[in-house]
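Contents: one structure, followed by commentary.
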Amino acid sequence: QVQLVEAGGGLVQAGGSLRLSCTASGRTFSSYAMGWFRQAPGEDRKFVAGISNSGGSTYYPDSVKGRFTISRDNAKNTMYLQMNSLKPEDTAVYYCARSVGSSWASEYVYWGQGTQVTVSS
């Protein structure tokens with residue numbers, strides 16, 4: 001069973017930065033794409049960043065492009081999300097997820113417990 005543990009959430013002022021991390025159990029981390037999603041109260045969960053298994057391909061929606069950077073360290077079984085220039089609308093619970101394929105566009109089936117990010121204005 002895959003276990004994903006997020007860390008790094010918290011409260012930050014608008015314009016500030018946070019770095020989230022996600023550490024995965026198991027020996028197959030480098031075989032699968034990973035992603036970050038977020039869910040604000042009353043809204044659907046949304047995809048905010050994806051990275052291929054090798055780290056060579058990434059994806060961001062327009063809402064975070066240029067502000068968020070996803071990366072991974074396969075030797076440490078860990079994925080990161082560097083979030084800069086944070087806005088109040090970035091406030092949400094952030095989830096890391098593992099896909100079933102090597103592309104960030106693959107289906108995500110394993111989920112972490114989530115970490116709260118709150119951006120004050």
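When every heavy atom of Pro88 is checked against every heavy atom of Ser121, the shortest pair comes out as CG-CB, 3.8 Å. Of all heavy-atom pairs spanning Ala92 and Arg38, the tightest one is CB-CB, 3.8 Å. Counting all heavy atoms, side chain and backbone alike, Tyr60 lies closest to Lys65 at O-CE, 3.3 Å. Minimum heavy-atom separation, Ala49 to Leu81: CB-CD1, 4.0 Å. When every heavy atom of Leu18 is checked against every heavy atom of Leu86, the shortest pair comes out as N-CD1, 3.9 Å. Closest approach of Thr91 and Gln116 over heavy atoms only: CG2-NE2, 4.0 Å.
With sequence neighbours excluded, the residues satisfying ring-ring contact (aromatic ring centres under 6.0 Å, His included) with Tyr108 are Phe37, Phe47.
Met83 has its side chain out of reach of Val48: every pair of non-hydrogen atoms, C-beta onward, lies at least 4.5 Å apart. When side chains are defined from C-beta on, Met79 counts as touching Ile51, because their heavy atoms get closer than 4.5 Å. Contact annotation: the side chain of Trp111 never approaches that of Leu4 to less than 4.5 Å [non-hydrogen atoms, C-beta and beyond]. Side-chain contact between Lys46 and Gln39 is absent, with no heavy-atom pair separated by less than 4.5 Å. Considering only heavy atoms from C-beta on, Tyr95 comes within 4.5 Å of Arg45 through its side chain. The shortest distance between side-chain heavy atoms of Ser21 and Glu6 does not fall below 4.5 Å. Counting heavy atoms from C-beta outward, Leu20 and Val117 have side chains that approach closer than 4.5 Å. Taking 4.5 Å as the limit, every side-chain heavy atom of Phe29 sits out of range of all side-chain heavy atoms of Arg98.
To the nearest 0.5 angstrom, Ser85 atom OG is 9.5 Å from Phe68 atom CZ. Ser31 contributes atom OG, which lies 7.0 Å from atom CG of Asn53 (distance to the nearest 0.5 angstrom).
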Could you go through Thr23 and Asn77, starting from their C-alpha distance and side-chain angles, then the distance that decides it, and tell me whether this counts as side chain to side chain donor-acceptor pair (under 3.5 Å)? CA-CA 6 Å; Thr23 301; Asn77 277 21; over 6 Å; no
Run Cys96 and Tyr110 through side-chain contact (heavy atoms from CB on, under 4.5 Å) and show every step you take. CA-CA 8 Å; Cys96 74; Tyr110 298 100; over 6 Å; no
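Formation of a donor-acceptor pair under 3.5 Å by the Ser106 side chain with backbone atoms of Ser99 is not found in this model. A distance-only check finds no donor-acceptor pair linking the side chain of Ser30 to the backbone of Asn74 [under 3.5 Å]. Proximity of a side-chain donor or acceptor of Arg19 to a complementary backbone N or O of Gln82 within less than 3.5 Å is not detected.
The hydrophobic clustering, which links ILVMFWY residues whose side-chain heavy atoms are closer than 4.5 Å, places Tyr32 and Val109 apart. Under a hydrophobic-cluster definition in which Ile, Leu, Val, Met, Phe, Trp and Tyr are linked whenever side-chain heavy atoms come within less than 4.5 Å, directly or via other members, Val119 and Tyr94 are assigned to the same cluster.
Using cut-offs of 30° and 60° for the angle between ring planes, the Tyr59 and Trp104 rings count as parallel.
For the residue pair Asn84/Ser17, the side-chain donor-acceptor check at 3.5 Å is satisfied.
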